[in-house]
Amino acid sequence: MSSPTSTATDEGTVLSAVDVSKHFVVRNAVGDSSVVRAVEHASIDLYAGRIVAVVGESGSGKTTLARLLARFYEPTEGEIRLEDVPVGKGAAGRGYHQTVQLIFQDPFGSLNPVHRVWHNLDRALRIHDRRTGRAERRRRAIGLLERVSLTPGADFLDKFPHELSGGQRQRVVIARALAVAPKVLLGDEPISMLDVSIRLEMLNLLGRLSRDEGLAMLYITHDIASARYVCDDVVVMYAGQMIEGGPKERVIGAPAHPYTKLLVESSPDPDRVGTTSRDEQFADAETLGEPPSLIEPPTGCRFHPRCPFAMSRCALQEPPRTDLGDGHWSRCWLHEEGRADEIGAESYSAALARRTTEPAL
Amino acid sequence: MKTTFLSHPKVRFGLVVVGFFVGLAVFGPWLTGTVLGIDPRANDISAIAAPPSSEHWLGTTQFGQDVLAQLIAGARGSMFVGVLAALIGTVLAIVFGVTAGFFGGRTDHILNFVTNLFMVMPVLPLIFIVSGYLQGTGLWMIAIIIGVFGWAGGARTLRAQTLSVRNRDFVLAMRMLGESNPRLIGAEVLPHLGGWIASMFLSAMIGAILAEAGLAFLGISDSGAISWGSMIQAAQSQSAVLRGLWWWFVPPGLCIALIGTAAAMLNFGVDELSNPKLRSATRRVVRRTRRVERAVAADARTA
Amino acid sequence: MSAPARTRSRTPAAAGRPANEVVLDVRDLTVEYIGPDGAVAACKDVTLSLRRGEILGIAGESGSGKSTLITALTRLQRPPATTTSGSITFHPADGRPGTDLVGLSARELRRMRWSTMSIVLQSAMDALNPVMRLGDQFVDVLRTHYPDLGRNGARDRTTELLAMVGISADRARSFPHEMSGGMRQRATIALALACEPELVVMDEPTTAVDVVMQRQILAQVLRLRREPGFAVIMVTHDLSLLLEAADRIAIMYAGRIVEVGTAAALYRDPAHPYTRGLRDSFPPLHAPLRTLQGIPGSPPDLRRLPSGCPFHPRCPVRVEACVSTTPALVPLPEQEAACLLLTPEESR
Amino acid sequence: MTLAPQLTEVAAPTTRLRVPSRWAFLTRRLGFYLTAAWAAITLNFLLPRLMPGDPSIAIVDQLQRVSGRQLPPETLVSIQTLFGDPDANLGEQYLAYLGQLARFDLGTSISRFPTPVADLVAAGLPWTLMLVGTTTVLAFVIGTGLGVLTGWKAGGRFDAIVTPASTFISSVPYFWVALIALWVFAFELRWLPSSGGYDPDLEGPAFWLSALRYGILPAATIVFSAFGGWLLGMRNMTVTTVREDYVLLAQAKGLAPSRVVLRYAARNAMLPSFTGFALALGGVIGGALLTEIVFSYPGIGYLLYDSLTKRDYPVMQGVFLLIALTVLVANLIADSVYVFVDPRVREQG
Amino acid sequence: DPDGTDGSDEDVPALVYGNTDGGTTYTLNYNVYSPATDKSPNSALVYEPLVRIDYSDGGNLVPWLAESWTFSPDGTEVTFALRDDVTFSDGEPMTAEDVAFSLSIPLEHAELNATGATYEAVEAVSEHEVLVTYPAASYSSLNQFANLQIVPEHIWSEQDLTTWTNPEPVGTGGFTVAAFSPQQVTFEARDDYWGGTFEVQTVKVVPVTQDTVKAQLLSGDVQWGTVSWANGEDEFVALDPDVNHYQLYATGGAFSAIFNTGRAPFDDVHLRRALAMTIPRSDIVATLNRPGTEAGPTGLVDGVYADWLLPEYQGLVQEVDVEGALAELAESGFTVEGGALVRDGQVYNPTISFNTDFGWEAYADIMINSWRDNLGLEVTPAGAPGAALFEQQQTGQFDITINATGGAGVYGVYSGLSSQYLAPEGEQAATNYGRWNDPATDDVIARMASTADPEELRELGHEMQRIVVEGVPYSPIYTSYWFIDINASEWTGWPTPEDFSYIPSPQQGPDTTLTLLGLRRAES
Ligand SMILES: Nc1ncnc2c1ncn2[C@@H]1O[C@H](COP(=O)(O)OP(=O)(O)OP(=O)(O)O)[C@@H](O)[C@H]1O
Ligand SMILES: Nc1ncnc2c1ncn2[C@@H]1O[C@H](COP(=O)(O)OP(=O)(O)OP(=O)(O)O)[C@@H](O)[C@H]1O
Ligand SMILES: [Mg+2]
Ligand SMILES: [Mg+2]
Ligand code: NI
């Protein structure tokens, strides 16, 4: 099941996760421990100059994946490879983080309110190059700020986080990550806490850094539309597993997994306004179901309890990975059963409605 | 930020009073000796247990000693114990609380267990007993004992705060930049806990002043030093209460209460400034809002 | 309102009501936070009307005064928030004359609450009492407003309400922390409907949940609104969602309503440059991609509002007059908007 | 250096949690308190051995002091044997000590030889428990009650007077309040007796009435000094709680204000009080000891004082042990109450 | 008053004694030989000694249960002739066997030797005669028998005396314990007491604090107390002079500054004199509200030892004598530099230790101030709680310390200076804390112990007075007193300090009994 395939084979990957799993042990008050399978058998490759988006419901393991890649967590299984070299256990030191940096969701939270912008950049510059003098560091810090479009940079050096707007804060965070000259930038929902009006600027900045500066980037989001806007490839996660991936237009335009279809159809899309009546759009959306527990995940395909296309085999066996060409792949029994066409045939809610009237199982 | 801090009435009251007593502790001898010309230990045999008068503003003790001079001298003794014990307690609380919270795991388990242990031990009786064993100790020893036994509550708060700060994104981010643990604690976590530490220090100081007074009242104190507690004790041993020599035992108690109130007010003010929920419930805010509401209502009536 | 709730809930009450009748009429509402350095108007001269059964969306960036408006409308504001001017007139369904909520005493308000107007708060996580069982939080509101319902009656009604949002009856014995976020959010919606209000006010009911759950919740609101027939004011910063779900939308900027109109009109032809910018801040899901810019700059600090039109520093089409003149809402065919570049309908 | 944070403390997954078993929680707490009790016992054993002074020498000291005559060395030796084998090593002594404790034998008082310490403590404990118990409850009830009132109407006139006043009151040393109370009510006004715990001439109900009368001043002192702390804590918690969304929602629901205050605001605001109980109780007990001394109340506070001045080490130890154990039990009770009032309770440490 | 004497209990009010010894509760322990320091109160109402010390007459011994005593010629044996009319409260007569049994308790049980008995054997020689044998001539150590209580052998011989608490005491005294509760002990008068009959039928002893007892004396709830009452003349007596009495009886001792003569610098007599001359005794007694009670230089108190004092020391008040002190200081060879004493390159910073339990800080301050002002000497206060101070004093860890000096009789006052009690610094000494080591003193004391001749004793006493005044092993500061507070609203017949043959103290053994015998119902 763990065939580490990459979509583009011409270039070498900068950072990849090979068949990684992460299990957490949680204890309740009684002291019983249970295992949360936050990520299972996930593989992902990041390339220089490309952005990969990971989308999925809340709790599907996106953050965990990012933190595995940032080596905040030790994988329970599998390995992380940096430029095709496996990273040894527990060795996530400065060297690693000089290459891989993570951007957090909340720009306020990732800047210590007691420190000025200067402190943040200065520390980053100093830790990774102890020889440069203060004047030189200052010059570089200004350069970094201007790289993330905070101009004039010198004006921002002495500000405290609370004196900055959300967008400016997130730019400072990015500038700080860039200070160590990383090759990989991991963004864990880097725009979801920002105001709608400034999100695009952020996305444009990330796009520019990847395109013009050749950074490899992971972009985690809830918002499929923004993923489509900025990224090159999309990977869909469900309940800790990766269920579909490929070039963005293929995955979003023609989902090859029922869950991806659900996700796309649930996303707000003002373009739909006027095409159908509102009541129609929302018809039967009430029974879309909830994500499963990761402590006792469903057997077989984890999506089967909610899936309108579910067959008896779905509940028994995990679906294999089916390559659909152009780097597009999916894990769904429909492909093996030759019923792949059904996915695109009608809307998800229609399929669901049909299923409730005539049970598929 | 700073100006709002200083313009907060509770903070201002607290700062003024605490500052006043710190000043008394520091400049007390100069004040009594040079400015007022009174000596806390001099005996005016012509005025024994005399009520306040122009000569002795706060009256005299049974030994003809000037109560005001003693009160000023006592500020030094009490503040000394308060500050030293609070320093010791705060350092211990930081060591236990922040270390436990920051490193977690086994370290946390052990340190937190010790903290909880000290927490549920009745500290004041314990201090009484330990000081009782070390009979006739100096103020240093008393301060050390109070500090050594009185840190648990603060450590618990700091641990909880550290726990919440430790996994905050900014700590993770700096860690990711390659900051070392000591620097993470020193530069990222501790400054963030500054407010908590300051308020801990203040409460520890009050606790220590009260504990010292209690010890002095039990007769465990440094006979060479004057503190507010030892003044009350001396008054009590001379039946000042029965004899109605209120000017002898009321002022030191008032001083303790006053500085305690001031420190509590400071903490209160800091709380209110840092917690918008509390801030919106202060008298000033409510009054201001009411005034506007009344004005609006009046307008509506005339309109 | 002494009729037992259950009988009413079964009859589609909306049937007999005139469709265009106004439920809530807000005029020139100004809400200020009274601070030490003077008052900050978080809502300024807000004028709105809500028709029976309608879903009115209010969109705006963070800090634009949406929550302030809602707490003012529901008269739940606390110091230092103060309603300094304006009226909020509620017109009951039975045709009695409207009452201005601003002038009501606490006791009069209490009688009106929940049975005429209920609220769903921003975060369902915090809106339920963590130490009370879910069912009890239904029972206490039911028994307050229908004293003759009895304990068992209230229980039955709770079961009924929970079933409406797809929560099984045994969940009534759960504590909030034992339920998932989506479930809690649905429970608060069911709670809001407990006394069959004529108006439900929702403050970002879907912000904390992800897209699939978002859709489920909205679908439920839409369905429920069809049956008992209540009007909804829904606040969110997610304009794309409102465009799909609301009948009419009001756009707030810096405490003012800068545009209000039908969802379709605002999507097709936004009149205010801010609305335009907001609409263009959402990349399309299917349409061809092009580079979008959003709105440069960030929302103003209400304590230091720019002069004139508060949007002018960020406005791509500003003219000189924008710096000095504060525009008023201009009626247009399908909407109203506050921009100096617009001329009123009649003069066009 | 690894970046992996600890995995044990994790926010609850959004999926449904299993309902934690209260009994399991309590069992764990009980385990902690048992360990704490063991620690207290061991501390109690070690303290006198780490500190200077030998009980036998203390006895001889005092006898010489009383008689003013030198006592022969044999006297010291035979007194030493009365207090256990002086040559036993620390381990043996520890075992012997544990064995004694198991038999509720706290040793023998020095100054009141041969009265067992257990008897002395047992004589004083009921009085202290009664005094501290009732006053803690009273102070808690008054403090929390007023705290809810001030917090609910925070910023109002009542709050503006009561809160600063109780800040002041809670900073006043217990014994000073006791002295003032003594001065005003016992000496000046002569309303109440100034010392002792009861009228020894009375019996039956009259005796209990007298115990009540004698208890009023000490109890009032403790309540007066202790309620402020509860009030301030409760006020701030109420203010914070009242601004929680669920209270706002409760108001929006049109519930009667009393119901909103009690069921929604006060109930939730009170929860942290239970976790702060340990700290508060320690303070109250310390204060109560001093109060007992001022009023010569026949409790263990006065006993402690007496033993301190007479260097009666076994009594000091016994009193401390008892106080420590009582506080542990009180905390266990507070924990149990907490478990039943807060369904979210989870192991904190 | 016919009603008061007919014995009907209802009309005879109890005499309430407010006991301020410390503690709020009593524990039951009437084992008078127990090594406990806190026993049940007023056991002297139940148990009696052989002899009584008469403080109205120089601390002489007078008969009590013993009618008389005779020494053997070499002074090593004394025979007590016992009264024959004494019975225990259970009706058994007291015999020589009982006395021999009682007196041998300290000899047989070292841990029960709480009074430090110095004899080595006791023997009943006839039904009413007991022979006590000493190891050496001991004419002057008879007063220990004032502290040894006679107990009934028929009850006590069956008990383990080390742990027994004697819950139902049976003794020869005038009272029995009628009721015992932790906060009150009630004594009932015997009607078959050998010493006479009591009008007071009931004595109640309650534990109270110093403040409370004053309040209760004022209100009449308590009629008898032993609390020292600064300004008691104004605050108590003046309120009702007929009823309220505040009396001071000299104990014969004094509070003194004891110099540690065993170590430098106070091994120098001139230095001791210089310091003694600058103790502001009048100031101290002024703050005590006891003007005129400054102690003389001898350690013997005028009121008690009038017949014994050398004429030149009678009524002598030692005023502060700065000139004399400076002269002595000069003679000592010490100079005062920066507050410290310097001689031969050695620097001494003397300290003064005192009992903080008594609140002695302030008095020490008065002395320290005077030494600073008059000699330039900085003496550091080193107060300690009673128990700790006592240990320091016994082991000689002090420069100057404050303690009571005195004893029963002239020999009792001075015997503590004998080198017999000398212990090196660091080791415990029962007395002679000042490490006084003077052959002349030893000689005088030895002679006092071995003479029975009053004239010779007087002569030797004079010699000791000269030694103390000249050598200053200690310097008396103020006279120590028994303080008696009386509310005579119910009972009269109290002696006064001007006219007494026994001390009306509730804690003075036979004197207490004598006081109670003398009390009469007040006329109302
Ligand atoms: N440190 C941890 N210990 C235990 N469980 C964890 C931990 N971190 C995450 N989980 C659990 O793992 C699952 C996946 O979490 P993760 O945060 O990766 O999801 P996500 O996709 O990022 O969700 P969201 O969109 O809400 O951010 C969740 O059920 C979560 O509760
Ligand atoms: N208690 C308060 N005191 C002073 N100003 C306040 C207070 N509460 C809110 N404000 C200010 O009022 C303005 C509007 O706040 P409001 O909460 O209504 O915004 P919102 O539109 O709901 O934003 P969000 O999308 O973040 O919920 C903000 O600028 C805020 O700073
Ligand atoms: Mg996440
Ligand atoms: Mg809001
Ligand atoms: Ni590292």
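Here is the naming used below: chain letters follow the sequence lines, and residue numbers restart at 1 for every chain.
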*asked:* I want to check something: taking the side chain as every heavy atom from C-beta on, are B:Leu177 and A:Gln101 in contact at a cut-off of under 4.5 Å?
replied: yes
*If every non-hydrogen atom of A:His115 is compared with every non-hydrogen atom of B:Ala187, which pair is closest and at what distance?*
NE2-O, 2.5 Å
*asked:* A quick test of your reading: do over 12 heavy atoms of other residues, nucleotides or ligands sit less than 6.0 Å from CZ of B:Arg287?
replied: no
_Interface moiety of A:Leu102 toward chain B, non-hydrogen atoms closer than 4.5 Å_ = both
*If you count the non-hydrogen atoms of other residues, nucleotides and ligands that lie under 6.0 Å from CZ in B:Phe27, is the total more than 12?*
no
*Is B:Leu172 close to A:Arg67 at the side-chain level, that is, under 4.5 Å between some pair of heavy atoms?*
yes
*If you look at every heavy atom in B:Ala173 and A:Ser110, which pair is closest and at what distance?*
CB-O, 4.2 Å
*Is there a side-chain contact between B:Arg175 and A:Phe72, using heavy atoms and a 4.5 Å cut-off?*
no
*Result of checking B:Glu188, B:Met174, B:Arg168 against A:Asn112 for side chain to side chain contact (heavy atoms under 4.5 Å, CB included)*: B:Glu188
*Name the region of A:Arg176, side chain, backbone, both or neither, that has any atom closer than 4.5 Å to a heavy atom of chain B.*
both
*Any chance you could measure B:Asp169, atom CG, to A:Ile103, atom CD1, to the nearest 0.5 Å?*
11.0 Å
*asked:* I want to check something: taking the side chain as every heavy atom from C-beta on, are B:Phe170 and A:Pro161 in contact at a cut-off of under 4.5 Å?
replied: no
